Amino acid sequence: MLRQFLLTSVMALSGLGLAAPVLAQDGPLRIEITDGVIEPMPFAIARFHDEGGAGEYLAQVQNLIAADLTGTGLFREIPASAHIARPESFDAPISYEDWKAINAQALITGAVRVEGGKVVVKFRLFDVFAGQPLGDGMQFDAAAGNWRRAAHKAADQVYSRLTGEGPYFDSRVAFVQESGPKDARRKRIGIMDYDGANVKWLTDDSTLVLKPRFSPDGSRLLYTSYATGFPQAMVMDVNTLASRPLGTGQQGTMSFSPRFSPDGRWIVYSLEKGGNTDIYQMDAATGAQRALTNAPSIETSPSYSPDGTQIVFESDRSGTPQLYIMGANGGEPKRISFGEGRYGTPVWSPRGDLIAFTRQVGAKFHIGVMRTDGSEEKMLTESFLDEGPAWAPNGRVVMFTRVTPGGDGQPRLHSVDITGRNMRPVKINGAASDPDWGPLLP
Amino acid sequence: MKLFIKLATVGAILALAACARPAQDMQIQDPYAGAGGAGMGGVGATALPGTAEYFKTAVGDTVLFAVDQSTLSSEARVILANQAGWLNQNQGFSAVIEGHADEQGTREYNLALGARRANSVQEYLVSQGVAPGRLQTVSYGKERPLEICSTEECYSKNRRAVTVVSPGAGM
Amino acid sequence: MDRAERIGFWVSGIGHAGLLGAALVGGALFRPQPLDAVRMAEVATMSEAEFQSLAAAAAGRGPVSDAAATTPAQPRAPADENLPGELEAANPPAPDARAATLALPPSRPEARPDLSDFQAPNRPVAVATDAPRPAEPENSVDLAALPQASDRPDPARNPGQPQSPAPIPQRSALAPAESSRPRGRPEGLAEAVQARREAAAAARQREELLAREQAEAAAERAAAAKAEQAAARRAAEERAKEERREAQAEAEAARKAEEAEARARRLAAAEAAEKAAAEEAAAEKRAADERAAERKAEAERRAAAEKAAAEKAAAEKAEREAAEAKAAAERAAAEKKAAEKAAAEAKAREQAETERKAAEAAKQAALAEAMQDQGSGGSGGGGAAASGPPLSQGEKDGFRVAVEQCWNRGSLSTEAARTTVSVRFSMAPDGTVEKGSLRMIGHDGGSDAAAKQAYEAARRAILMCEKGGYDLPPEKYDRWKDVIIDFNASGGARVN
């Protein structure tokens, strides 16, 4: 009797117990992660292989790729001394465990060879923790004197695949070199690789020159020159160094701050007449000009949006210099800067999402970015005098001039990531200002 | 005795008259030197009145401006009035008015600001009777500072318009 | 006057008189109609959160039944709707019940005792005949120490009566005294909720005041009991002991709760149980007072030294899980089910115990049979035990932090760094990730290309911090073998 009772009760309870887990299941574990870290991604470059006559190019190419990546501030190289594995050839299989052990998240292998006056650079990129290649290997060749471009192209590939940003290493920057005492500066226009290498001079320093600006294809430069004794906009062919005035001027006017439109058909610039400065537009082919603004205030520093439909510029019609946007054919300008201080030198990002500018608050200058409607303004730098931002072709990095105070103050070029991190100087000899970043070279 | 007294009197008068001449020069220079313009009076006495040098030093070729402003202060107007006067007296000269700005601003805006300042000066001179065809304006923005320190003392001297006269009929 | 004049006078006279008459009388004739009064109905409203919390308090998991929907109206005075958070606080009886107990910290508004992990383990407990003995001594201890305890279950009934009211023993012997569904609804929710709350309160009190002692004592008592019993049972119990021990402390907490409720019943029904309980109480008191003596007894018992070690480990585990049970006490009615089942099992145990002395052999045979059933029930229980208990917040947080540390958003494009991705993957029982199972199941806030980059960073995070396997409890493997992680880019990030 008791036994039966026990049995039945136990069985009943077991049945209930069996039922319980069915009721208890509710699907996969789901957790939410909101906090992460921001740190440079560690990567490793295995020693490149010499596949024929590479000579000193081998180390140079490898070091340049590492320098490009490290210079972005987003990557950190694990030095060769820490490597465990050394692939014997470019096509040797990769033992991912060896690279995981040194915590390399990305691995670059490569090979260089020289044949017939050309340098050929090959590379492959591997995602170590996924245990597989990231994209295909690629090969670039360049004339021996242009080996840096091949290395930059390889680094660009690695950079884009790992970050998802567009490439920008294979590009050039035009700038003004300054020498002499502060009250008697001598200036000349130079052009260099984005990292400061391969500097070439495009003008001599006998006349005052300002603010060079690339054409969309990088073959021409617009700039302002005092050759006539008055500031005049000029256009120069970068390859032939032939230069001529833009043709803006009647006597007694000044023109400056010229820029091409993204399709190269138009040039906007500032024209000063009778003390008043307005924005004018010229047909690049015919030279026909017309005014886009007509106000007694100063309107200057125009910059096109990448789709060519809008222009952002600086105007002090409100009493202090502020930023305005208008249609590319003129029209009612709309103010977009409303913070304290003075805003100037607006430049539209090649991605179209941001506008970089110079802002002065009291005695301090900042380089900042804001959305094209003026929101989300963010200061990237601050110093005694920062001005004149220029965008990298991928819209992620901004280069600008920083001047130190005092009678022996000097201008220097710096670049900064639009997150505000990784501000670093551009390695040039001497003082330099007014950078303009050219397009990505084909 | 009477003659001596007369001679003494005449001599005293002559002596006074002699002193008066430098006083006459001082009379010309004082208002300008006190008005804060460049071109101090010390050398002025040696320049010939009809030369550019004289204009620069005795008349005063520079007027100063407040931050971001192109309006003429009362001292500036006095100097400019004198400039106009000299130009009207010396019709063989034309002038280029250079506008400048201090380094605390962006390059292009300062170019435009300098142009505004030069234009202010030009208009004032025209209003004082100088023929417009004799005047030209140019702006150097912040490219040619006068003083190179980075304090307000230097900045205030850099915010200027300089009238540079040169022989020639102008346009 | 001539005729025309007269007619004129008459016409104007009539007109004037009519006008005056209308002015005098018209007001009465053309009164404005009274408007219908705007009727407003009083509707008691409660927010969705309140409704769900009530439903959860009253019902099991899953869709809320209609009974649950209607019953909350009973205990809930409209004025109490605004009390936030505390489920029971809205019910008037609860504070009284709490007040009647000894020094209960009011900080835990739990509707039921924390029995979430007891469901399965209770089953083995239900069958074990030794289990009632630990339960009973607790009863006696409680009785001795807390004479008021008997009041707790039934404040609505006659307080002060140590006897349980008649209705409960009248139920079918086979029916669990505490069913897993809300008990007492047909009888009235207030009593049931009160009883449960009091049980929870009692359980909590005992946990906080006596938890460790009783866990150890119970473990040791169980060990002592086993030592006295047949070796065959020991061998069988070893297998299930760990599970039982794990749940023992929790079961005891629950059992105490239910025992408080059922104590009166038990007393009325089982005097023999009291005797045995008294005997055991004496033994327990000796044990509690003289740990050294008990350790000697343990040394004696070290014929099964493994058992002792296992029991101690199980005791620690029981302590840990007692803590977990406290946390789990905030969950839904599955715990109630377990509690009620445990009570039922305890009741069955008691009844077995009453008969034990009279029929030792019969009990052993029954046990043997019961063990077989327990084997089947145990496997079900075992399976449920591996997936039954949900992961504690601490375990989830540990997993989350482990992956967080490797989630590097620094090397992404600005657009990808803003994109949220959800990644799903499976894990092996040792905590390692099955690489092939990694996939992105959704993204938000960016283009597809940006999502791909963000997914790559997320995947790297998961793979890099794996380090031989994530630290997750293997006994809850079913709970975490499938994982979805939402990498929410709107959070912050530590810059290194």
Side-chain angles (χ1 to χ4, degrees), chain A residues 2-41 43 72-75 100 103 105-106 127-131 134 160-166 353 394-396 417-419 421, chain C residues 61 119-120 123 126-127 174 180 334 341 344-345 348 352 355 359 362 365-366 369-370 373-374 376-377 380-381 383-384 387-388 391 396 399-400 403-405 407-414 416 449-450 453 459-460 463-464 479-480 482-488 490-496:
Chain A
L2 169 67
R3 196 183 314 168
Q4 278 179 347
F5 163 75
L6 284 174
L7 285 178
T8 46
S9 59
V10 163
M11 281 155 62
L13 294 167
S14 309
L16 281 174
L18 281 168
V22 173
L23 295 167
Q25 283 292 357
D26 55 355
L29 174 65
R30 185 157 198 155
I31 60 177
E32 187 186 24
I33 292 187
T34 53
D35 287 336
V37 297
I38 293 193
E39 57 185 20
M41 181 196 287
F43 71 99
T72 64
L74 307 182
F75 300 96
K100 277 189 208 175
N103 200 29
Q105 295 179 28
D127 185 339
V128 171
F129 278 86
L134 192 59
S160 322
R161 290 182 202 177
L162 288 175
T163 65
E165 294 278 19
D353 57 346
N394 69 350
R396 173 87 194 229
D417 190 277
I418 55 169
T419 55
R421 293 194 284 275
Chain C
R61 273 197 228 136
Q119 285 176 345
R123 250 167 287 106
V127 180
L174 283 179
S180 55
K341 225 184 301 153
E345 292 161 352
E355 305 288 330
E369 290 176 337
D373 295 319
Q374 179 192 353
S376 62
S387 70
L391 284 175
K396 281 193 211 168
F399 183 39
R400 179 173 58 77
V403 179
E404 244 176 34
Q405 288 169 352
W407 186 38
N408 183 4
R409 287 143 67 188
S411 308
L412 291 175
S413 69
T414 47
Q453 288 302 128
R459 188 177 66 163
R460 268 196 290 272
L463 292 174
M464 285 199 312
R479 292 277 186 182
W480 49 264
D482 244 345
V483 182
I484 296 179
I485 302 185
D486 299 314
F487 288 85
N488 186 340
S490 63
R494 188 181 74 245
V495 177
N496 287 350

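Note that these values count all heavy atoms, side chains included, but never hydrogens, waters or copies made by symmetry. Keep in mind it's a predicted model, so treat the numbers as computed, not measured. Here is how names work: the chains are called A, B, and so on, in the same order as the sequence lines, proteins then strands, and each is numbered from 1.
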**Largest heavy-atom contact set with chain A, pairs under 4.5 Å, which of C:Leu412, C:Asn488, C:Val403** =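 Top option by heavy-atom pairs under 4.5 Å: C:Asn488.
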**Request:** Sort out for me which of C:Ser413, C:Ala416, C:Gly410 touches chain A most, counting heavy-atom pairs under 4.5 Å.
**Result:**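 Winner by heavy-atom pair count: C:Ser413.
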**Asked** Quick one: what part of C:Arg459 sits under 4.5 Å from any heavy atom of chain A, side chain, backbone, both or neither?
**Response**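 Just its side chain gets close to chain A.
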**Request:** Could you tell me which portion of A:Asp417 (side chain, backbone, both or neither) has an atom closer than 4.5 angstrom to a non-hydrogen atom of chain C?
**Result:**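 Neither part.
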**Message:** Given heavy-atom pairs under 4.5 angstrom as the criterion, report whether the side chain, backbone, both or neither of A:Arg30 touches chain C.
**Reply:**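 Both backbone and side chain.
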Could you tell me the separation between the [atom1] atom of [X] and the [atom2] atom of [Y], rounded to the nearest 0.5 Å?
X: C:Gln453; Y: A:Arg161; atom1: CD; atom2: CZ; result: 11.5 Å
X: C:Asn408; Y: C:Arg460; atom1: CG; atom2: CZ; result: 8.0 Å
X: A:Glu165; Y: C:Thr414; atom1: CD; atom2: OG1; result: 4.5 Å
X: A:Leu29; Y: C:Arg479; atom1: CG; atom2: CZ; result: 9.5 Å

**Pick from A:Thr163, A:Thr72, A:Leu74 with the largest number of heavy-atom pairs that fall under 4.5 Å of chain C** =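 Heavy-atom pair counts peak at A:Thr163.
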**Set of ring-ring contact (aromatic ring centres under 6.0 Å, His included) partners for C:Phe487, sequence neighbours left out** =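 Here the qualifying residues are C:Trp407.
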